[in-house]
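Numbering of ligands and ligand atoms starts at 1, following listing order. For the single chain, residues carry numbers from 1 onward in sequence order. Quick caveat: nothing in here was measured; it's all calculated off a predicted structure. The figures here come from the full heavy-atom set of this structure, side chains too, leaving out hydrogens, waters and symmetry mates.
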Amino acid sequence: MKRHVESNSAFRENILSASKNNFSRVILALDLQGSSQSQLLRNGKKLIEKTAPYICAIKLGRPTVLNLGMEKTRTLIATSHTNELPCIIDDKLGDIDDVNLAISRAYFELGFDGIIVNPIAGWKGGLEPVFTLAQTTGRGVIVLVYMSNPGASEVYGQLVVRNSRGKPRPQYVIFAEKADLWGADGAVVGGNRPEIVKKVREKLRNGIHIYSPGIGTQGGEVLRASNAGSDFFIIGRSITRSSDPEHAVQKFARQSVS
Ligand code: BMP
């Protein structure tokens, strides 16, 4: 099960190139809800068009795909691509291998460039085919390592003893090692937990980027997360629900590269 795939995926190159072009390490999180499909699509497109010059990728959550439906999701992904931005699906995928493969294949066929997965399913009979598919099609896989919500400490922060002689170690450290071993493109670590970001950064090889949600509405700050080692900042409501999304994203973008 030794993997150690080197860090040259098309996905990583594309997000880095968008980041350099737009002087930003902000990823816009779109969790669209609450209107008709056509209105949601209009809202989503408008948000992308307003923020595109100041971000490096878009992340669509499951609410967006479920509420928009497949065809309008395809249109939103195309809008992202027209603006030279990679589009990530935040599925937190974690089923058995066959089902994981079917889901990830459907997302990639829809146009998504990367997927967020949950490491809890493990490699064998779990995430292995997702990584293989992603690596053969230039897509990215990003692994949850420590979530941003308060209850995340119950699982990601728990101490785990792996065998009778082993020393207890935090679950997230083990997940970070898996992200490394599996050849992940990224690790999700809540940016509102800078001390954890720092510890994960020490565990990961440099090619694996840290993606940090939890900024703004959930209490985290771009500068603190960045100083701790976060590479990209996943930001939703502080931009999408702002009365002036363009101004809000510009502020985060400036902080993200300072
Ligand atoms: P907001 O900035 O509105 O809090 O949104 C954060 C986004 O990041 C949401 O789309 C959420 O699904 C996602 N996210 C998170 O908040 N915490 C995590 O640990 C992992 C996530 O993917």
Sub-4.0 Å heavy-atom approach of Arg241 to ligand 1: no

Protein contact to atom 8 (O) of ligand 1 [nearest heavy atom, distance to 0.1 Å]: Pro213 CB, 3.5 Å

Any N or O of Lys92 closer than 3.5 Å to N or O of ligand 1: yes

Distance from atom 11 (C) of ligand 1 to nearest protein heavy atom, with residue and atom: Lys59 NZ, 4.1 Å

Protein heavy atom at shortest distance from atom 6 (C) of ligand 1: Gln218 NE2, 3.7 Å

Test of proximity, Gly236 against ligand 1: N or O pairs below 3.5 Å: yes

Aromatic centroids of Tyr172 and Tyr156 separated by under 6.0 Å: no

Side chain, backbone, both or neither: the part of Ser148 lying under 4.0 Å from ligand 1 by heavy atom: both

Salt bridge (Lys or Arg N to Asp or Glu O under 4.0 Å) contacts touching residues 91-102 (sequence neighbours left out): Asp90-Lys92

Under 4.0 Å to a heavy atom of Met147 - the qualifying atoms of ligand 1, by number: 18 (C), 19 (O)

Ligand 1 N/O within reach of Arg237 N/O, cut-off under 3.5 Å: yes

Atom 9 (C) of ligand 1: the protein heavy-atom neighbour that sits closest, reported with distance to 0.1 Å: Asp31 OD2, 3.4 Å

